[in-house]
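Owing to the predicted nature of the structure, the values given are computational and were not obtained by experimental measurement.
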Amino acid sequence: MRGLAVASPLPPAAAAARRWPRASFSGRETSTQCWKYDLSQDRSLGGSLRIGQSQGSLLRHHSTNLLRPAAGTISVEQDDINTYLPKGDMWSVHKFGGTCMGTPQRIQSVADIVLGDSSERKLVIVSAMSKVTDMMYNLVHKAQSRDDSYMIALEEVFEKHMAAAKDLLDGEDLASFLSQLHSDVSSLRAMLSAIYIAGHATESFSDFVVGHGELWSAQMLSYAIKKSGAPCSWMDTREVLVVKPSGPNQVDPDYLESENRLQKWFSRQPAEIIVATGFIASTAENIPTTLKRDGSDFSAAIIGSLVRARQVTIWTDVDGVFSADPRKVSEAVILSTLSYQEAWEMSYFGANVLHPRTIIPVMKDNIPIVIRNMFNISAPGTMICRQPANDNGDLDACVKSFATIDNLALVNVEGTGMAGVPGTSSAIFSVVKDVGANVIMISQASSEHSICFAVPEKEVAAVSAALHVRFREALAVGRLSKVEVINGCSILAAVGLRMASTPGVSAILFDALAKANINVRAIAQGCSEYNITVVLKQEDCVRALRAAHSRFFLSKTTLAVGIIGPGLIGGTLLNQLKDQAAVLKENMNIDLRVIGITGSSTMLLSDTGIDLTQWKELLRKEAEPADLANFVRHMSDNHVFPNKVLVDCTADTSVASHYYDWLKKGIHVITPNKKANSGPLDQYLKLRTLQRASYTHYFYEATVGAGLPIISTLRGLLETGDKILHIEGIFSGTLSYIFNNFEGTRTFSDVVAEAKEAGYTEPDPRDDLSGTDVARKVIILARESGLTLELSDIPVKSLVPEALASCSSADEFMQKLPSFDEDWAKQRSEAEAAGEVLRYVGVVDAVNQKGQVELRRYKRDHPFAQLSGSDNIIAFTTSRYKEQPLIVRGPGAGAEVTAGGVFCDILRLASSLGAPS
């Protein structure tokens with residue numbers, strides 16, 4: 001087609017634009033229809049225009065027929081059918097998007113993929129080159145806005161395709177393509193000029209302009225395939241695909257007419273490889289149109305259905321369909337299979353899979369769609385088919401994926417007058433329809449007392465106003481109590497075909513959300529049970545998505561850990577985590593990530609996890625000034641991991657005072673620090689009440705027996721209905737070591753010095769000898785047993801001589817301690833004479849509701865006399881274990897066993913969050 005001649009003066013941009021270079025070579029004529037346009041009758045573009053055509057007489061059509069094929073061109077309807085279109089598994093359909101067609105090199109890669117397909121026949125659907133569709137829409141926008149730069153923008157489009165063709169093609173193929181490109185651009189220039197003058201473009205003209213991107217990319221690919229010697233034709237799908245409008249920005253294919261036209265097209269150009277334009281089509285009146293956004297995928301599905309293809313492959317730049325948005329869930333994985341229904345549900349809820357309408361054409365013929373990555377051919381991709389096989393039958397496998405929609409508002413219409421009144425729902429949603437709002441989700445209580453629904457936040461003001469107007473009288477007299485709007489909402493949808501036949505899916509979902517401290521505002525589930533939809537606060541959405549995904553899909557418990565106090569116990573714990581992390585992840589699906597370490601002066605933070613093989617070096621080189629508030633904020637605000645735990649390895653009272661606030665924030669707390677549980681009774685009761693009332697956990701096994709299961713044993717007895725009568729034990733590993741070794745002729749001061757040298761005592765041994773640490777353990781066990789005692793209620797017999805309590809330093813204390821060795825030797829001699837040993841014990845008398853800490857003597861055959869080293873021993877006398885107490889014995893001091901006890905609490909937390917036990 002030669003350029004159109006416009007009689008009236010051109011706009012400044014058109015007049016100023018340089019002439020397009022005319023092709024000086026002739027190329028092979030294309031077999032497509034020649035589309036000509038008569039603009040003179042379109043009043044919307046200016047009725048005074050006289051537009052002529054140098055190659056023939058003017059076409060005189062009514063404006064609604066402007067885009068009919070010109071007289072004298074090939075009429076598909078008049079052709080005889082000599083070659084019938086084969087259908088069935090010999091066809092494979094490939095669709096390549098704009099990213100895949102983005103450069104000449106990528107177009108050549110597409111050609112190589114097509115040639116590498118061993119199918120007997122191939123139909124290839126292509127989009128415009130990357131960004132070209134947007135550039136074409138921009139051309140129309142600029143022209144109808146009377147922006148002179150539209151001519152420059154058109155030149156950019158021309159040069160982009162000319163440069164691509166010169167890189168990709170050569171010889172006659174290049175000449176033919178450039179000739180057609182020049183002709184098309186000349187026609188576009190004339191049309192855009194007319195649109196510029198009119199200041200308006202009809203939808204048909206806009207569709208005609210925009211569709212050129214697909215025409216050019218299809219031609220370039222067909223020439224690239226031909227270079228290899230393979231027979232190939234290119235198809236302008238406006239000759240084949242017939243659609244009819246079915247709603248705003250939506251069309252439906254006319255399958256019967258499209259099939260007839262495809263048969264006639266194929267009879268003229270039978271080829272083993274056909275490259276077809278995506279996105280564009282025509283109406284029954286032969287007016288060019290488009291399949292709207294995502295139309296190329298739709299084109300591939302329609303054509304796949306028309307030829308009854310074996311498979312439709314959608315080539316993209318990702319390896320397949322993810323189980324969740326990988327930008328929000330870093331652990332999201334590629335799904336190997338999806339059912340049509342699952343893909344449909346995921347698309348509706350915002351997942352970047354396919355447009356729901358793409359699935360309809362292939363679904364009716366049971367044609368699988370495969371999503372593959374053009375840039376990673378080795379990846380098998382995701383197959384979407386009727387009902388994929390479930391190899392393992394796991395409960396977790398019934399949920400395939402999660403998707404979210406943000407920026408929603410929840411509208412709640414409530415009132416007793418709604419119950420049993422026919423037409424209330426109809427009236428509500430008629431109002432919403434009249435406003436033009438899109439309802440995303442609906443939920444109604446079975447009592448019919450309320451209806452709530454979710455709409456985009458930008459539309460909720462109009463919806464609320466319209467509902468208040470419509471139900472003004474009902475609100476005034478009280479039939480309706482309120483029309484409430486809750487802004488800042490998001491939807492989380494769990495999708496899976498097998499949810500319909502699997503009990504317990506909802507329970508697991510809501511349990512995962514509850515354990516992540518997520519509040520659900522509304523719930524919806526259709527009877528098909530393909531999805532469960534929940535509405536929640538938008539600020540909680542990412543955390544909820546990660547919690548649900550981690551629990552359901554991955555079958556893995558990921559726990560973000562913050563360590564407070566990387567000293568002896570904390571440092572040992574970090575080394576234990578380093579050594580065991582890989583084993584836990586491999587064998588138990590527990591993924592522990594330390595995302596923060598803080599001491600008293602510096603702290604180290606990470607969003608995804610600190611490398612524990614070099615945590616000491618990182619803490620020394622990359623740390624920042626310690627700030628406990630910022631450290632906790634880093635943990636709380638982290639949205640990478642849904643479950644977070646702070647581990648307090650200090651003995652600091654001020655750190656322990658924050659436990660309540662941390663638990664309220666939804667952060668779990670684990671500690672060997674005794675200060676919180678042995679502090680003021682009211683604060684302890686407040687802490688335990690909060691912990692019991694929430695899904696946030698507080699574990700403190702190591703506060704009493706280091707690595708020994710003292711707290712868990714006590715709880716097990718109480719929870720199974722046993723009654724505690726008496727608890728007696730050697731709770732201090734340090735004092736156990738001292739009295740186990742205070743025998744023969746050894747002096748007391750020598751044994752204390754030996755224990756200090758071995759690291760069993762605190763830097764100042766008086767902290768151990770005072771008995772306060774034992775008293776704290778006694779008060780913890782007393783409170784666990786149900787006694788309401790303060791620390792001050794426990795009488796403590798201190799082992800520190802009164803005269804040495806005021807020593808200014810530990811060194812001074814150790815220097816003066818030998819002066820009391822004679823007193824200690826006397827006590828030992830008296831015990832030995834009676835066949836007894838000295839032991840420092842703590843006692844909980846549950847019957848008389850009291851406790852005490854003192855030095856006692858025990859017969860040599862008593863279990864307390866049989867200890868060695870730093871062992872602890874605790875005897876529980878209960879209603880069940882009255883004649884012979886239940887005894888727990890083992891090492892009770894040392895960094896390794898204490899850190900091990902804390903580690904056990906971390907694993908206990910992971911188990912409670914869903915990890916295998």
Side-chain angles (χ1 to χ4, degrees), residues 322-324 329 331-333 335-346 348-349 351 387-404 441-446 490-536 540-541 543-559 587-591 641-643 666 668 692-697 719 907-917:
F322 282 91
S323 55
V329 181
E331 291 82 9
V333 297
L335 302 173
S336 58
T337 59
L338 278 174
S339 70
Y340 295 125
Q341 291 88 349
E342 286 166 340
W344 199 328
E345 295 280 355
M346 289 175 65
Y348 177 79
F349 285 104
Q387 188 166 354
N390 185 14
D391 296 330
N392 50 29
D394 290 343
L395 178 63
D396 295 338
C398 66
V399 174
K400 279 294 187 70
S401 63
F402 295 89
T404 59
M441 187 210 79
I442 303 169
S443 180
Q444 180 177 13
S446 59
S490 290
I491 277 179
L492 168 66
V495 176
L497 184 66
R498 297 184 184 277
M499 292 184 347
S501 57
T502 308
V505 177
S506 298
I508 294 174
L509 172 63
F510 292 118
D511 181 61
L513 296 179
K515 287 178 177 176
N517 208 30
I518 303 293
N519 181 46
V520 175
R521 288 179 163 172
I523 305 165
Q525 180 177 15
C527 61
S528 66
E529 298 185 57
Y530 294 152
N531 84 71
I532 301 172
T533 304
V534 297
V535 179
L536 31 78
D540 293 337
C541 186
R543 189 155 50 94
L545 175 63
R546 288 170 181 156
H549 186 273
S550 176
R551 174 62 186 88
F552 261 103
F553 193 83
L554 298 180
S555 299
K556 178 193 296 181
T557 299
T558 303
L559 195 57
N587 296 341
M588 298 183 65
N589 281 329
I590 298 174
D591 189 1
F641 308 107
N643 303 306
H668 309 286
R692 291 189 183 104
S694 70
Y695 282 91
T696 312
H697 296 278
E719 289 169 0
L907 296 182
R908 187 176 294 117
L909 172 62
S911 178
S912 70
L913 295 174
S917 58

Could I get the full list of side-chain contact (heavy atoms from CB on, under 4.5 Å) partners for [X], not counting sequence neighbours?
| X | answer |
| --- | --- |
| T696 | L663, H668, S694 |
| N517 | R543 |
| A547 | A516, P642 |

Inter-residue atom distance [X].[atom1] - [Y].[atom2], 0.5 Å rounding:
| X | Y | atom1 | atom2 | value |
| --- | --- | --- | --- | --- |
| F510 | I523 | CZ | CD1 | 4.0 Å |
| N531 | L497 | CG | CG | 12.0 Å |
| L338 | L335 | CG | CG | 5.0 Å |
| T533 | I491 | OG1 | CD1 | 6.0 Å |
| I590 | L907 | CD1 | CG | 5.5 Å |

[X] and [Y]: which non-hydrogen atoms are nearest, and at how many Å?
| X | Y | value |
| --- | --- | --- |
| A324 | A332 | O-CB, 3.4 Å |
| K400 | T337 | NZ-O, 3.0 Å |
| S401 | M346 | OG-SD, 2.8 Å |
| Y530 | E345 | CB-OE2, 3.7 Å |
| M499 | A494 | CE-O, 3.7 Å |

query = Could you go step by step and tell me if N643 and T558 meet the side chain to side chain contact (heavy atoms under 4.5 Å, CB included) rule?
reply = CA-CA 7 Å; N643 303 306; T558 303; over 6 Å; no

Side-chain (E342) to main-chain (S339) donor-acceptor, under 3.5 angstrom: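 Indeed, once roles are kept as given, a pair shorter than 3.5 Å links the two residues.
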
* **Heavy-atom donor-acceptor pair, S443 side chain to A522 backbone, under 3.5 Å** =>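 Checking the backbone N and O of A522 against the side chain of S443, no donor-acceptor pair under 3.5 Å is found.
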
Do the side chains of [Y] and [X] get nearer than 4.5 Å, heavy atoms only?
| X | Y | answer |
| --- | --- | --- |
| L513 | L492 | yes |
| L909 | H697 | yes |
| D540 | N519 | no |
| D591 | L559 | no |

Given side chain to side chain contact (heavy atoms under 4.5 Å, CB included), test V535 with S490 step by step and report yes or no. CA-CA 6 Å; V535 179; S490 290; over 6 Å; no

